[in-house]
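Chain identifiers are assigned alphabetically (A, B, ...) following the order of the sequence lines, protein sequences preceding nucleic acid strands; residue numbering begins at 1 within each chain.
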Amino acid sequence: MVPHSSMRPVRVRFAPSPTGSLHIGGLRTALFNWLFARHQGGKFILRIEDTDQKRFDPTALTTLTEALRWAGLQWDEGPEVGGEFGPYVQSERLEHYQKWANWLVENEKAYKCFCTPERLKQVNEDKEVRGEPKGYDRNCRNLSAEEAASKEANGESYVIRFKMPLDGKTVVTDAVRGEVSFDNATQQDLVLLKSDGFPTYHLAHVVDDYLMQISHVMRAIEWFPSYPFHVQLWVAFGWEIPIYAHLPIMLNPDGSKMSKRNPPIDKHGNPIPVMVHDYIPNGYLPEAMTNFLANIGWNFGDDREFFTMQEAVERFDLTRINPANSRYPAEKLDWLNGQHIMALSTNELAVRLKPYIERAGLAVKDDLLARVTPLVQERIKRLDKVVEIAGFFFRDEFQPPTAEMLPQKKMSAEQTKSALEQSHRLISELSDFNTQVLHEAMEKLAQELKLSNGQLFGVIRVAVTGQQVSTPLFETLDILGRESALTRIQLALDILSKKSEQVILQP
RNA sequence: GCCCCAUUCGUCUAGAGGCCUAGGACGUAGCCCUCUCAAGGCUAAAACAGGAGUUCGAAUCUCCUAUGGGGCACCA
């Protein structure tokens with residue numbers, strides 16, 4: 001049994017490597033850490049694991065913090081905010097790793113390995129031929145002190161490898177999966193410190209989690225196989241081991257691994273974005289995104305799937321984490337996004353809608369937007385869709401319908417024309433011009449014209465909005481105003497008559 | 001190939017030996033409401049991977065098989 005810490009102040013960390021924008025899988029890992037920290041009244045720390053010099057991307061850190069802030073996952077310690085255990089960027093902490101790697105060597109828990117990459121490759125190839133498991137053959141583990149010293153004096157470059165126990169078992173206790181036993185004989189003497197003086201993940205995470213007093217390590221399942229190695233590292237150092245919780249991962253809808261190279265595809269064959277930054281211009285609310293992610297691999301505890309982050313914080317606990325991987329339930333995000341849009345106050349929704357309308361090249365007058373917003377609130381599942389359904393309110397130039405769009409189901413050209421003429425007359429004669437008056441008068445007119453409401457209202461809708469699908473008609477007319485309504489109806493009439501002329505002219 | 005993990009409707013999930021005739025949600029289909037589209041309401045189809053055990057009783061415990069996934073770097 002391996003000792004685990006308990007009763008320590010809760011300190012958790014999200015430790016991405018800055019290789020680009022944040023992946024939604026990464027966002028979920030961050031979210032679970034954040035929820036846990038908030039629930040426990042602990043600290044959520046952001047640490048940047050940039051120890052791979054080959055994959056350095058200077059813009060990635062900004063993109064990363066932007067994505068976390070967008071999602072509302074503010075960190076208590078880390079880049080941009082500081083903290084007493086800094087620096088929080090691993091490339092600025094090299095002295096720690098070198099110090100502790102050397103400590104392990106001095107205490108004979110690690111050794112210098114002078115094997116070249118070529119030899120390592122050869123070893124693996126030979127092993128493959130013989131049908132043996134791959135891995136380093138521990139050639140340098142038994143080098144005498146003199147041999148090692150002389151190689152080093154010769155200027156041969158080396159890495160530092162951990163001396164993994166050669167037999168016995170390492171039993172780990174994962175908070176999600178329980179006890180799991182590994183044979184030490186199947187484990188490797190992994191590299192702790194690379195020849196360029198940078199640590200590998202294995203060393204860096206243990207040293208940093210120790211120095212930063214991390215109480216719980218919640219990380220993705222791909223780390224599970226190296227968990228026994230990490231446990232032995234903690235033991236070698238003689239440090240108290242934090243509680244580990246390995247989170248399941250999200251798979252593509254078809255069950256394959258989610259990655260940039262293998263992007264998920266929705267049921268219509270369209271690619272599903274995997275980067276957080278792709279969701280922002282698509283009109284997704286951060287609260288919907290986090291709500292969505294919280295429902296994958298974790299559940300609220302009763303049958304609710306729609307909840308706020310505050311509610312999730314109150315309920316979050318490790319015992320409800322499902323150990324199985326899950327496929328990405330893309331449709332649920334749209335539903336939840338719609339739910340969150342409906343839950344917003346009108347004012348708040350208007351504020352969020354504005355940039356999407358402007359991005360479509362339209363000018364937004366705030367008073368107009370305030371009146372349009374309630375009309376779209378329960379009709380859009382994504383913020384950017386406001387342009388589709390209500391963009392006509394904001395366009396300087398009206399885009400009129402074609403003549404073919406005007407007649408509604410089973411209406412003759414004559415009926416359509418008369419519907420427009422009578423509506424025009426009615427609207428111009430109305431003493432009051434508002435939603436209710438319009439509604440009553442138009443219903444009456446439909447009866448007189450022996451048209452269904454759908455037919456009459458549909459014709460006017462198309463005439464006035466230029467589209468078959470729109471916000472509700474009478475509210476729309478009210479906002480547009482009488483003048484504009486009359487002008488557009490007249491225009492529809494003109495369009496209709498032009499068409500009939502053309503018909504006559506045709507042989 | 002080796003090591004490890006997982007497996008409940010199409011998908012996300014509830015389920016800790018009898019409350020299971022397996023519940024909820026998304027999606028799908030139908031109906032209702034209805035000026036379009038939504039929203040909302042109602043209804044329907046839809047699952048314990050397979051096989052052996054243990055037990056009076058198994059979705060729940062054990063084993064085997066299958067399938068899926070993770071890992072086997074001087075990447076994280």
Side-chain angles (χ1 to χ4, degrees), chain A residues 15-17 19 49-52 54-55 113 115-117 120-121 124 127-128 131-136 157-161 174 176-177 180-183 185-188 190-196 198-202 204-205 219-228 246 248-249 251 253 255-257 267 292 295-306 320 322-336 338-339 342 376-381 388-389 408 439 442-443 446 452-462 465 467-474 476:
Chain A
S17 60
T19 55
E49 310 217 323
D50 60 343
T51 57
D52 185 3
K54 296 184 211 83
R55 296 203 296 176
C113 168
C115 294
T116 61
L120 261 27
K121 197 171 166 234
N124 267 334
K127 286 195 172 197
E128 198 164 354
E132 291 172 18
K134 285 188 274 185
Y136 179 54
S157 78
Y158 62 89
V159 300
I160 292 179
R161 286 182 184 272
D174 180 77
V176 175
R177 267 150 251 273
V180 181
S181 172
F182 294 84
D183 273 330
T186 64
Q187 301 294 314
Q188 302 281 319
L190 294 177
V191 172
L192 300 174
L193 200 71
K194 305 180 222 175
S195 55
D196 63 2
F198 277 71
T200 60
Y201 170 84
H202 307 103
H205 113 261
R219 43 142 63 155
I221 187 66
E222 49 256 44
W223 292 111
F224 197 76
S226 47
Y227 185 14
H246 288 90
I249 55 168
L251 273 19
S256 64
K257 188 179 178 176
K267 57 185 177 184
F292 168 70
N295 273 314
I296 304 172
W298 183 74
N299 70 84
F300 198 68
D302 55 25
D303 285 334
R304 287 179 61 194
E305 296 191 20
F306 173 74
R320 300 204 70 83
N322 186 339
N325 294 337
S326 56
R327 300 179 187 205
Y328 185 81
E331 334 75 52
K332 237 171 190 172
L333 175 59
D334 282 352
W335 171 72
L336 273 171
Q339 295 290 308
M342 284 192 274
V376 301
Q377 186 149 24
E378 61 185 30
R379 293 186 164 74
I380 53 172
K381 286 201 165 125
E388 243 168 66
I389 190 170
Q408 299 302 293
H439 194 137
M442 291 288 281
E443 259 180 356
S452 72
N453 288 348
Q455 289 174 315
L456 206 220
F457 301 172
V459 173
I460 306 306
R461 173 193 321 284
V462 172
T465 68
Q467 44 195 58
Q468 297 283 6
V469 174
S470 81
T471 45
L473 181 59
F474 306 110
T476 301

Contact under 4.0 Å: [X] side-chain N or O vs [N] OP1/OP2:
{"X": "Gln188(A)", "N": "rC2(B)", "result": "no"}
{"X": "Lys54(A)", "N": "rA73(B)", "result": "no"}
{"X": "Asn322(A)", "N": "rA14(B)", "result": "yes"}
{"X": "Arg304(A)", "N": "rA25(B)", "result": "no"}
{"X": "Lys381(A)", "N": "rA39(B)", "result": "yes"}
{"X": "Thr200(A)", "N": "rC75(B)", "result": "no"}
{"X": "Asn325(A)", "N": "rA6(B)", "result": "no"}
{"X": "Lys332(A)", "N": "rG24(B)", "result": "no"}
{"X": "Lys194(A)", "N": "rC75(B)", "result": "yes"}

Report which part of the nucleic acid [X] touches: base, sugar-phosphate, or nothing (heavy-atom distance under 4.0 Å, all strands).
{"X": "Glu49(A)", "answer": "sugar-phosphate"}
{"X": "Tyr201(A)", "answer": "base"}
{"X": "Ile249(A)", "answer": "sugar-phosphate"}
{"X": "Thr51(A)", "answer": "sugar-phosphate"}
{"X": "Ile296(A)", "answer": "sugar-phosphate"}
{"X": "Ser326(A)", "answer": "sugar-phosphate"}
{"X": "Met442(A)", "answer": "nothing"}
{"X": "Gly454(A)", "answer": "sugar-phosphate"}
{"X": "Pro117(A)", "answer": "base"}
{"X": "Glu388(A)", "answer": "nothing"}
{"X": "Val159(A)", "answer": "base"}
{"X": "Gly297(A)", "answer": "sugar-phosphate"}
{"X": "Arg461(A)", "answer": "base"}
{"X": "Gly255(A)", "answer": "sugar-phosphate"}

Open item on the list: What's the closest nucleotide to the side chain of Glu222(A) if the choices are rC26(B), rG70(B), rC3(B)?
Closed with: rG70(B)
Task: Nucleotide of rG24(B), rU36(B), rC26(B) approaching Asp303(A) most closely (side-chain heavy atoms) - done: rG24(B)
Need the pair for [N]. Rule: Watson-Crick or G-U wobble, both distances under 3.5 Å, any strand; none if unpaired.
{"N": "rC20(B)", "answer": "none"}
{"N": "rG1(B)", "answer": "rC72(B)"}
{"N": "rA25(B)", "answer": "rU11(B)"}
{"N": "rA52(B)", "answer": "rU62(B)"}
{"N": "rG40(B)", "answer": "rC32(B)"}

Write down the distance separating the [atom1] atoms in [N] and [M], rounded off to the nearest Å.
{"N": "rU60(B)", "M": "rA49(B)", "atom1": "P", "result": "8 Å"}
{"N": "rU36(B)", "M": "rG24(B)", "atom1": "P", "result": "31 Å"}
{"N": "rA16(B)", "M": "rG10(B)", "atom1": "C1'", "result": "28 Å"}
{"N": "rC48(B)", "M": "rA59(B)", "atom1": "C1'", "result": "5 Å"}
{"N": "rC12(B)", "M": "rC19(B)", "atom1": "C1'", "result": "25 Å"}
{"N": "rC32(B)", "M": "rA39(B)", "atom1": "C1'", "result": "14 Å"}
{"N": "rU7(B)", "M": "rA47(B)", "atom1": "C1'", "result": "12 Å"}
{"N": "rC61(B)", "M": "rG18(B)", "atom1": "C1'", "result": "15 Å"}

Interatomic distance, [X] [atom1] vs [N] [atom2] [rounded to whole Å]:
{"X": "Trp298(A)", "N": "rC12(B)", "atom1": "CH2", "atom2": "C1'", "answer": "14 Å"}
{"X": "Asp334(A)", "N": "rU28(B)", "atom1": "CG", "atom2": "C1'", "answer": "16 Å"}
{"X": "Arg327(A)", "N": "rU8(B)", "atom1": "CZ", "atom2": "C1'", "answer": "14 Å"}
{"X": "Trp223(A)", "N": "rA73(B)", "atom1": "CH2", "atom2": "P", "answer": "13 Å"}
{"X": "Asp174(A)", "N": "rA6(B)", "atom1": "CG", "atom2": "C1'", "answer": "13 Å"}
{"X": "Asn124(A)", "N": "rC72(B)", "atom1": "CG", "atom2": "P", "answer": "12 Å"}
{"X": "His205(A)", "N": "rC75(B)", "atom1": "NE2", "atom2": "P", "answer": "17 Å"}
{"X": "Phe182(A)", "N": "rC5(B)", "atom1": "CZ", "atom2": "C1'", "answer": "8 Å"}

Establish whether the base of [N] is bridged to the side chain of [X] by a donor-acceptor pair shorter than 3.5 Å.
{"X": "Glu378(A)", "N": "rG40(B)", "answer": "no"}
{"X": "Arg320(A)", "N": "rU13(B)", "answer": "no"}
{"X": "Arg177(A)", "N": "rC5(B)", "answer": "no"}
{"X": "Ser195(A)", "N": "rC74(B)", "answer": "yes"}

Task: Distance (rounded to the nearest 0.5 Å) between Lys381(A) NZ and Leu333(A) CG - done: 11.0 Å
Task: Rounded distance (nearest 0.5 Å) linking atom CZ of Arg327(A) with atom CD1 of Ile296(A) - done: 13.5 Å
State, to 0.1 Å, how close [X] and [Y] come at their nearest heavy-atom pair, and which atoms those are.
{"X": "Pro199(A)", "Y": "Lys194(A)", "answer": "O-CE, 3.3 Å"}
{"X": "Gln455(A)", "Y": "Gln408(A)", "answer": "O-CG, 3.4 Å"}
{"X": "Tyr136(A)", "Y": "Lys127(A)", "answer": "O-NZ, 4.2 Å"}

